[in-house]
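Both counts, for ligands and for their atoms, begin at 1 and track the order of listing.
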Amino acid sequence: MADLRKVQQVVQDIYDIKIQGATNIAKSAFQILMDELERQTFTDSIALREFLIPAMHMLEKARPTEPMMFNGMAYITAQIKDETLPLQTLLPLTTDAVKCYLGMISSTAEKAIQNGVGLLNYGDSVLTHCHSSSAIKTIIANKAGGKDFLVYNTETRPLYQWHKTAKDFLEAWMKITMVVDSSAPFILDRNDPFGLDIDAVIIGCDAIKLNGDIINKVGSYSIAHAAYDNKIPVYVAGNLLKTDVRDSIQIETRSWTEVWEDKPEGIDIINFAFDQVPAKLLTAIITEFGIIKPNEVRAVVKKEYPWMK
Ligand code: RUB
């Protein structure tokens, strides 16, 4: 009988947003696979597969809008497709594949952050949304060159991921100003009454479509629209391991209890976790292969990640 208890705990933590953000979700998922492959004893290759396959399915379903997860699962599955492999070959092959993908997540994230250095100038104001480790680290990396700038961040209802974002910037000794979600498009207006004069938007993403659209925390769509209308560049701190090559990603909707726990009967609530931003509103995507235009995604993914299917 496969022991999936520790995997189940990580699935629950991902679902409960104790682990959040596409990169952290993927890292935790592949780390628990790695830990369990090392911790558990498997009698034969069938026992190993009886653990691995359901574990991967459970993790993949924890949040439905995460291609970095299914691309990794596809990568591992491709390495072990030979059903005849004995345990002594299958186990190290599986462990190596998981380790390799974990390494890829970290190295690509680091490369993308470095590729985003130089986007911001001294004195700039930048708006970010939700909690994206990629967007935050890219903004902080821009400051590392000695340049100072102002960061605005949205509250991110209903779960208030802004608390995490604010703490990350505070730890990096950066000045951060919080705004409520519904005011974010307004502060991008060149005529906003406070004259905030935002110079750039940098947001993360959960999924990148082959046509260059991206999926990110709900609210990204209206922010990108307002930025586009005001000729403010919108950069996506991305990673092409997040490409939805199957065009199968669903926008996650979450329980209405997150919005109004004791709502009266008769009221419907739709609680979208993400929205989709059309490529035409995006200036560029900061990736591990450089800063690319949204319409270059298909060609770059085909060239750099031919194994993605
Ligand atoms: C987080 C979110 C982040 C992306 C990218 O939403 O939308 O912008 O996941 O994150 P949630 P990263 O809080 O619902 O997971 O850059 O860390 O991969």
Side-chain angles (χ1 to χ4, degrees), residues 10-31 59-72 101-102 104-116 126-141 151 153-169 181 184 201-209 213-224 234-244 249-255 258-259 271-277 282 285-288:
V10 172
V11 168
Q12 195 59 46
D13 288 349
I14 293 172
Y15 182 74
D16 293 341
I17 321 279
K18 286 184 186 146
I19 302 166
Q20 64 76 236
T23 309
N24 289 333
I25 290 171
K27 273 187 187 164
S28 328
F30 293 100
Q31 189 59 56
L59 288 161
E60 214 177 310
K61 284 199 189 116
R63 304 274 318 259
T65 317
E66 305 297 342
M68 195 178 240
M69 298 276 262
F70 76 57
N71 283 328
Y101 195 70
L102 261 173
M104 254 194 257
I105 296 174
S106 296
S107 63
T108 51
E110 192 45 47
K111 276 185 204 147
I113 291 160
Q114 288 315 316
N115 287 335
V126 57
L127 173 74
T128 188
H129 181 46
C130 190
H131 179 272
S132 153
S133 61
S134 321
I136 294 167
K137 287 178 185 167
T138 303
I139 294 169
I140 293 174
V151 183
N153 180 223
T154 50
E155 61 181 343
T156 322
R157 278 173 186 264
L159 298 178
Y160 303 105
Q161 283 89 332
W162 70 346
H163 297 157
K164 284 190 80 178
T165 307
K167 285 180 191 157
D168 286 355
F169 281 116
D181 291 332
V201 171
I202 301 186
I203 53 174
C205 66
D206 289 80
I208 302 173
K209 314 289 279 187
D213 291 0
I214 60 117
I215 295 176
N216 191 47
K217 176 56 56 188
V218 67
S220 301
Y221 178 83
S222 52
I223 288 174
V234 180
Y235 299 108
V236 178
N239 183 321
L240 294 180
L241 292 178
K242 294 177 178 177
T243 310
D244 178 15
I249 281 292
Q250 304 289 318
I251 301 275
E252 179 187 7
T253 49
R254 296 179 60 86
S255 167
E258 288 181 349
V259 182
N271 180 18
F272 288 116
F274 301 106
D275 60 28
Q276 185 160 335
V277 184
L282 305 173
I285 305 178
I286 310 163
T287 79
E288 61 275 38

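Contacts with ligand 1 closer than 4.0 Å are made by backbone heavy atoms (N, CA, C, O) of Cys205 only, the side chain lying farther away. Of all the heavy atoms of Ser133, the ones lying under 4.0 Å from any atom of ligand 1 are found in both the backbone and the side chain. Contacts with ligand 1 closer than 4.0 Å are made by side-chain heavy atoms of Arg63 only, the backbone lying farther away.
Against a heavy-atom cut-off of under 4.0 Å, Asp206 is close to the following atoms of ligand 1: 2 (C), 3 (C), 4 (C), 7 (O), 9 (O). Atoms of ligand 1 found under 4.0 Å from any heavy atom of Gln161, numbered from 1 in the order shown, are 11 (P), 13 (O), 14 (O). For ligand 1, the atoms sitting less than 4.0 Å from at least one non-hydrogen atom of Lys242 are 5 (C), 12 (P), 16 (O), 18 (O), numbered in the order shown with element in parentheses. Taking a cut-off of under 4.0 Å to the non-hydrogen atoms of His131, the atoms of ligand 1 that pass are 1 (C), 3 (C).
Rounded to the nearest 0.5 Å, atoms CD (Gln250) and CD (Glu252) are 11.0 Å apart. Note: Ile285 CD1 to Asn239 CG = 11.0 Å, rounded to the nearest 0.5 Å. The distance from the CD1 atom of Ile202 to the OG atom of Ser132 is 9.5 Å, given to the nearest 0.5 Å. Here the straight-line distance linking atom CZ of Phe169 with atom OG1 of Thr128 works out to 6.0 Å at 0.5 Å rounding.
Lys164 and Gln20 form a side-chain donor-acceptor contact under 3.5 Å, judged by distance and modelled atom types alone.
Regarding atom 18 (O) of ligand 1, its nearest protein heavy-atom neighbour is Thr23 OG1, 2.5 Å. Closest to atom 15 (O) of ligand 1, if we only count protein heavy atoms, is Gly21 N, 2.9 Å. With hydrogens left out, the protein atom closest to atom 13 (O) of ligand 1 is Gln20 NE2, 2.6 Å, a heavy atom. The protein heavy-atom contact nearest to atom 6 (O) of ligand 1 is Lys217 CE, 3.3 Å. Counting protein heavy atoms only, atom 8 (O) of ligand 1 is closest to Asn216 OD1, 2.6 Å. Atom 16 (O) of ligand 1 has as its closest protein heavy atom Ser134 OG, 2.5 Å.
The side-chain heavy atoms of Lys242 and Ser134, taken from C-beta on, include a pair separated by under 4.5 Å.
Using a 4.0 angstrom heavy-atom cutoff, Cys130 counts as in contact with ligand 1. Not a single heavy atom of His129 lies less than 4.0 angstrom from ligand 1.
In this view, Gln31 and Met34, Asp35, Leu102 satisfy the side chain to side chain contact (heavy atoms under 4.5 Å, CB included) rule, not counting sequence neighbours. For Ala166, the side chain to side chain contact (heavy atoms under 4.5 Å, CB included) partners at least two apart in sequence or on another chain are Met178.
Looking only at distances, a side-chain donor or acceptor of Asn271 sits under 3.5 Å from a matching main-chain atom of Ser255.
The aromatic rings of Trp162 and Tyr160 sit tilted, their planes meeting at an angle between 30° and 60°.
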